[in-house]
Amino acid sequence: MSMRPVHLVTPSASEPAVDHAPQLSIIVPTYNERGNIRPLLERLHNALAGVAYEVVVVDDDSPDGTADEVRALAHEQDNVRCIQRIGRRGLSSACIEGVLATVSPAVAIIDADMQHDETKLALMLRRLQDDGLDIVVGSRFVPGGGVGAFSARRLRLSRVGKFLSRLVTRADLTDPMSGFFVMRRTFFDAVAHRLSGKGFKILIDLFASAKEPVRFAEIPYTFGTRIAGKSKLDSHVMVDYVSLIADKLLGGLVPTRFLFFIAVGLFGVFVHLSVLGLAFRMAGLGFYVSQMVATFMAMAINFQLNNIVTYRDRRLHGLDLAKGFVLFVLICSVGAVANFQVAEMLYDNGVFWAMAGFLGAVVGSVWNYGVNTTLTWRAAKR
């Protein structure tokens, strides 16, 4: 069977190739935002008249069919694309993957919930280009901006976030927890390999990962009201933010999950001693019985806190929670034996008692963390 020859058509010297690449790529990370996609695309169309742009929706396998909605709309608009991620979650990592899938010289990050003011995008793009900036941030806290119907709790979170951001950046951002900004692609490429990709607040990650001072400006906007879907902001966002700050402060040398595990363990020591005192001195139970009750209570509370905080992205539920607790107790019991044996061996060989005890605790903690991370929380769905 013969095949027809394929002729490649290349532009002549007098006919330069046409650049069809968009001027601006808009990255929209989503999870359960099906009802907001069409209204958002309509708003972007109205706000960016005259701007060559594309919209890249990065969806974390939303059960409400967000990705299907985006693909359907892509048949109507040729500047819309969908990246569907399976088996992983997180706004920051979604934004990173979205940016890496683009070729535009400028990239915008915007939420799908219509709480960011898309009418500011053209102005932000002009400021980025005309003023030679790395990034232009939409801020709710500069003159002219507003927080809309922010609750007192969200205002407190924003204040804490601003305070913590100064620990890892050299920029006086008024709104470091903003998820609305436009950046130069060359700036992103310069910091990409140092990004942690953790949590929901990528802006601070970008600033903290830059080796040189970031050239930036802030544009005021008023935070809008969500139209459809549910807000993703909860206590875990702040935990993720603290984890990001710790990761940047430590330069990634110590896993922040391990730090949370140790912090929970120290709280468990407090619980153990408190329960022991109550049972032994106040309830009149024998010392060994009191010790057993205190040990069980400390392990139970440590397990719950680790499940909620340390392994919040792998949280166990239902029957897995019960199985996980049994496994956690067994693993930590082995860790306690290892702690005791290492400390005893070191002490018998002349090591100062405090150092022997400390090193035994380190061995036990590393065992508990490593094995629980590998076994107890290995199969949780993300």
salt_bridge([X], [Y]) N-O dist < 4.0 Å:
X: R127; Y: E218; result: no
X: D130; Y: R126; result: no
X: R71; Y: D68; result: yes
X: R140; Y: D175; result: yes

Next on the checklist: The test is side-chain contact (heavy atoms from CB on, under 4.5 Å); show your working for L24 and V107 and say whether it passes.
Outcome noted: CA-CA 6 Å; L24 175 69; V107 182; 5.7 Å; no
With a 4.5 Å limit on heavy-atom distance, are the side chains of [X] and [Y] in contact?
X: V55; Y: R81; value: no
X: Q115; Y: F180; value: no
X: V56; Y: C82; value: no
X: T119; Y: Y221; value: no
X: D117; Y: T222; value: no
X: F260; Y: N306; value: no
X: V191; Y: L195; value: yes
X: H45; Y: E118; value: no

Checklist entry - Is the count of non-hydrogen atoms from other residues, nucleotides or ligands lying under 6.0 Å from E76 atom CD greater than 12? => result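 Yes, because the 6.0 Å sphere around CD of E76 holds more than 12 heavy atoms from other groups.
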Item to check | Derivation and outcome, side-chain contact (heavy atoms from CB on, under 4.5 Å), residues V136 and L133 | outcome: CA-CA 7 Å; V136 178; L133 302 174; 3.8 Å; yes
Checklist entry - Mind checking whether F261 and Y311 have parallel, tilted or perpendicular rings, split at 30° and 60°? => result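 Ring orientation, 0 to 90° scale: perpendicular.
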Checklist entry - Which class fits the ring pair F207 and F216: parallel under 30°, tilted 30 to 60°, perpendicular over 60°? => result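 Plane angle over 60°, so perpendicular.
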Without hydrogens or angle criteria, can the side chains of [X] and [Y] be said to hold a donor-acceptor pair below 3.5 Å?
X: E54; Y: S25; value: yes
X: E33; Y: S62; value: no
X: N307; Y: W377; value: yes
X: N368; Y: S365; value: no

Item to check | From CA spacing to verdict: side-chain contact (heavy atoms from CB on, under 4.5 Å), I135, L203 | outcome: CA-CA 10 Å; I135 190 166; L203 181 64; 3.6 Å; yes
How far apart are the closest heavy atoms of [X] and [Y], and which atoms are they?
X: V271; Y: I301; value: CG1-CD1, 3.6 Å
X: R184; Y: Q129; value: NH2-CA, 4.0 Å
X: V28; Y: A112; value: CG1-CB, 3.6 Å

Checklist entry - Are F303 and L266 co-members of a hydrophobic cluster defined by side-chain heavy atoms under 4.5 Å apart? => result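 Yes.
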Next on the checklist: Assigning hydrophobic clusters by single linkage (Ile, Leu, Val, Met, Phe, Trp, Tyr; side-chain heavy-atom cutoff under 4.5 Å), is V337 placed with L330?
Outcome noted: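 No, V337 does not connect to L330 through the hydrophobic network.
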Checklist entry - Would Y347 and F352 satisfy ring-ring contact (aromatic ring centres under 6.0 Å, His included), going step by step from the backbone distance to the final call? => result CA-CA 6 Å; Y347 179 71; F352 182 58; 9.0 Å; no
Checklist entry - Hey, mind stepping through K323 and L327 against side-chain contact (heavy atoms from CB on, under 4.5 Å) and telling me if it holds? => result CA-CA 6 Å; K323 292 178 179 178; L327 190 55; over 6 Å; no
Item to check | S104/Y53 under side-chain hydrogen bond (donor to acceptor under 3.5 Å, both in side chains): CA gap, chis, key distance, verdict | outcome: CA-CA 8 Å; S104 304; Y53 73 93; over 6 Å; no
Checklist entry - Do you know which of I26, L40, T30 makes side-chain contact (heavy atoms from CB on, under 4.5 Å) with V57? => result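 That would be T30.
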Next on the checklist: Could you go through D64 and R34, starting from their C-alpha distance and side-chain angles, then the distance that decides it, and tell me whether this counts as salt bridge (Lys or Arg N to Asp or Glu O under 4.0 Å)?
Outcome noted: CA-CA 7 Å; D64 73 343; R34 183 186 184 104; over 6 Å; no
Checklist entry - Given R185 and T102, is the side-chain hydrogen bond (donor to acceptor under 3.5 Å, both in side chains) satisfied, shown in steps? => result CA-CA 9 Å; R185 174 59 189 265; T102 67; 3.2 Å; yes
Next on the checklist: Could you walk me through whether T373 and R378 satisfy the side-chain hydrogen bond (donor to acceptor under 3.5 Å, both in side chains) test, starting with their C-alpha distance in whole Å, then the side-chain angles of each, then the deciding distance to 0.1 Å, before giving a yes or no?
Outcome noted: CA-CA 6 Å; T373 299; R378 78 186 190 283; over 6 Å; no
